[in-house]
Amino acid sequence: MTDQTYGATPSARAKPVNSPARVLLASLIGTTIEFFDFYVYATAAVLVFPTLFFPAEDATTALLASFATFSIAFFARPFGAIVFGHFGDRIGRKVTLVAALLTMGVSTVIIGLLPSYAQIGVAAPALLALCRFGQGFGLGGEWGGAVLLATENAPEGKRSWYGMFPQLGAPVGLFLSSGFFWVLLHFMSQEDLLAWGWRLPFLASILLIVLGLWVRLSITETPEFAEAIKRDQRVSVPVVEVFRNHKRSLFLGTFVALVTFVLFYICSAWLLSYNVKVLQIPFLDALKIQIFGSVIFGIAIPLAGKVADAVGRRPFLIVVTVLIGAFSFLLAPLMSGGEGPLYLFVALGMFLMGLTYGVIGAALAAPFPTKVRYTGSSITFNFAGIFGASLAPYAATWLQKTYGLSHVGYYMLAASVITLLCILASGRDEV
């Protein structure tokens, strides 16, 4: 499949402004920081928040309440996509990415300063939910801009390769967040972690914010957006344009990415909770499994970028989605088979996750023209987050407790079928 021009003119494609190394570093560092913040919350939602913010007689009820606040960010992300997408398509990718990074980062740091339920009562989970909304709002604007920063600077024939660099932020962020908690537990007891240690990863985010701002402020605007400004191709209200003229791309793209989100949050947030709460695996060992998964995840993403550029994103995604559907039947036997099969489950799941996630950024940006691409791709990605990720840990926890592990696999299978149908319904130029 040939690469998409995404509405760019030859002159725009011929005049790269930023060096490839600077572009790829800026797209990677931003998403790494954003996903570090996001996953620090996901880890704390399992290990810390049920005790400190949602005390209940039943541990499962407390965990479900914690996962409910976890889902808030996914409902906030489309709002962030609309707001940041508007400015990203109106005034530029660079300044909007800086604002999104600050929104996410400040929300994360504030979480590290919050008092617990024992100190201020119900105000504690309310403030936690508000900060979680801020995290989602910022990430809603971050992802689309980072993908466009990479792909709008990409040479012909390398859209998927460039587009996978911001996607690498997910496994790197997961590795750093899990690793941070793993190190903490090596130097402190679980009691100290609950008392004050859990705050350190959230507060450490301020150092990453400074690094991210330094990198982001060193780049210039993408050549395609600069060309759109020159030709006066911007629209007044990008979100209206997207919903008026690109409804099909928005709908199909949302469900093309559905199984990507379901797979990831089953293999990360829910798996961590299952290992700790159900299998009674020690925190350190459970985090070690998650760190292992992040490494496999990171290895698969560059492979996906290379192969998808060679064979085409659409056929590549079709094959990977079928493989995820087949993998869903292995969930129950592998997760109930002991340590070895559990590691195999993580390895297979996160490898497949890397394959689908590595190309989904370029795929979701493909059908939108430059003038609304930030808004369109961001809304699509974040709508997929609502349907695929926001309730995945909650739903999987409920299904496992009510019906057993096999039904968690059926949940993943249903998502893969929906995604496959939407890929098949998409035209050659729509993925």
Side-chain angles (χ1 to χ4, degrees), residues 24 27-32 34-36 38-39 42 139 143 146-147 150-151 158-179 256-272 287-328 330-331 334 342-365 381 384-385 388-389 392 412 415-416 419-420 423 431:
L24 298 179
S27 63
L28 172 60
I29 193 68
T31 53
T32 296
E34 301 281 2
F35 282 106
F36 170 82
F38 214 66
Y39 297 150
L139 187 55
W143 178 86
V147 168
T151 58
K158 292 189 175 182
R159 287 282 188 176
S160 294
W161 176 249
Y162 269 56
M164 72 86 188
F165 271 87
Q167 305 300 77
L168 272 176
V172 175
L174 178 61
F175 178 87
L176 292 176
S177 62
S178 300
V256 162
L258 180 71
V259 77
T260 301
F261 281 98
V262 171
L263 175 63
F264 178 71
Y265 283 96
I266 283 179
C267 291
S268 58
W270 174 73
L271 178 64
L272 180 63
L287 287 171
K288 191 185 301 182
I289 293 172
Q290 187 145 299
I291 292 169
F292 168 74
S294 70
V295 173
I296 301 297
F297 185 16
I299 290 171
I301 287 178
L303 176 63
K306 281 293 187 184
V307 175
D309 274 333
V311 305
R313 283 187 300 271
R314 188 171 184 270
F316 181 81
L317 282 172
I318 289 173
V319 172
V320 173
T321 303
V322 170
L323 290 175
I324 294 171
F327 172 70
S328 67
L330 299 177
L331 185 147
L334 289 179
L342 184 61
Y343 268 92
L344 179 60
F345 169 80
V346 173
L348 291 174
M350 294 307 268
F351 186 78
L352 290 171
M353 177 62 199
L355 295 184
T356 180
Y357 192 71
V359 300
I360 204 68
L364 297 186
F381 183 79
M412 187 189 300
S416 65
T419 288
L420 181 61
I423 296 172
V431 174

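Within the 4.5 Å cutoff, no side-chain heavy atoms of L176 are placed close to those of Y39. Residues L348 and L334 form a side-chain contact, since some pair of their non-hydrogen atoms from C-beta on lies under 4.5 Å apart. Put simply, the side chain of V346 does not reach to within 4.5 Å of the side chain of I296, judged on heavy atoms. A heavy-atom distance below 4.5 Å is not found between the side chains of L303 and I299. For the pair P302/W161, a side-chain contact is recorded, criterion being any heavy-atom separation below 4.5 Å from C-beta on.
Remark: S328 pairs with no residue by the side-chain hydrogen bond (donor to acceptor under 3.5 Å, both in side chains) rule, at least two apart or across chains. Listed by chain and residue number, L271, N275, L279, I281, I289, M335 satisfy the side-chain contact (heavy atoms from CB on, under 4.5 Å) test with L342 (two or more places apart in sequence, or in another chain). Judged as a side-chain contact (heavy atoms from CB on, under 4.5 Å), and not counting sequence neighbours, the contacts of F175 are I291, S294, V295. In terms of the ring-ring contact (aromatic ring centres under 6.0 Å, His included) criterion, residue partners of F327 (sequence neighbours excluded) are, by chain and number, F345. For F381, the ring-ring contact (aromatic ring centres under 6.0 Å, His included) partners are W143, F261, not counting sequence neighbours. Every residue meeting the side-chain contact (heavy atoms from CB on, under 4.5 Å) condition with S416, not counting sequence neighbours, appears here in chain and number order: V259, T321, I324, L413. Taking K306 as the reference, nothing meets the salt bridge (charged side-chain N to carboxylate O under 4.0 Å, His left out) condition, with sequence neighbours excluded. Partners of T419 by side-chain hydrogen bond (donor to acceptor under 3.5 Å, both in side chains), not counting sequence neighbours: none found. T31 pairs by the side-chain hydrogen bond (donor to acceptor under 3.5 Å, both in side chains) definition with nothing, not counting sequence neighbours. Partners of I301 by side-chain contact (heavy atoms from CB on, under 4.5 Å), not counting sequence neighbours, listed by chain and number: M164, Q167, L168, P171, F297, Y357.
Looking at every heavy atom in both residues, A363 comes nearest to L317 through CB-CD1, 4.1 Å. A pairwise comparison of heavy atoms in G293 and M350 identifies O-CB, 3.4 Å as the closest pair. In plain terms, the two heavy atoms of Q290 and S268 that are nearest each other are OE1-O, 3.2 Å. Smallest separation of non-hydrogen atoms from V359 and A308: CG1-CB, 3.4 Å. Annotation for V320 and L352: closest pair CG1-O, 4.0 Å, computed over non-hydrogen atoms.
For the atom pair L323 CG and I318 CD1, the distance stands at 12.0 Å (nearest 0.5 Å).
Contacts classified as salt bridge (Lys or Arg N to Asp or Glu O under 4.0 Å) and involving residues 290-301 (residues at least two apart or in different chains) are not found. Applying the side-chain hydrogen bond (donor to acceptor under 3.5 Å, both in side chains) definition to pairs two or more places apart or across chains, none involves residues 343-352.
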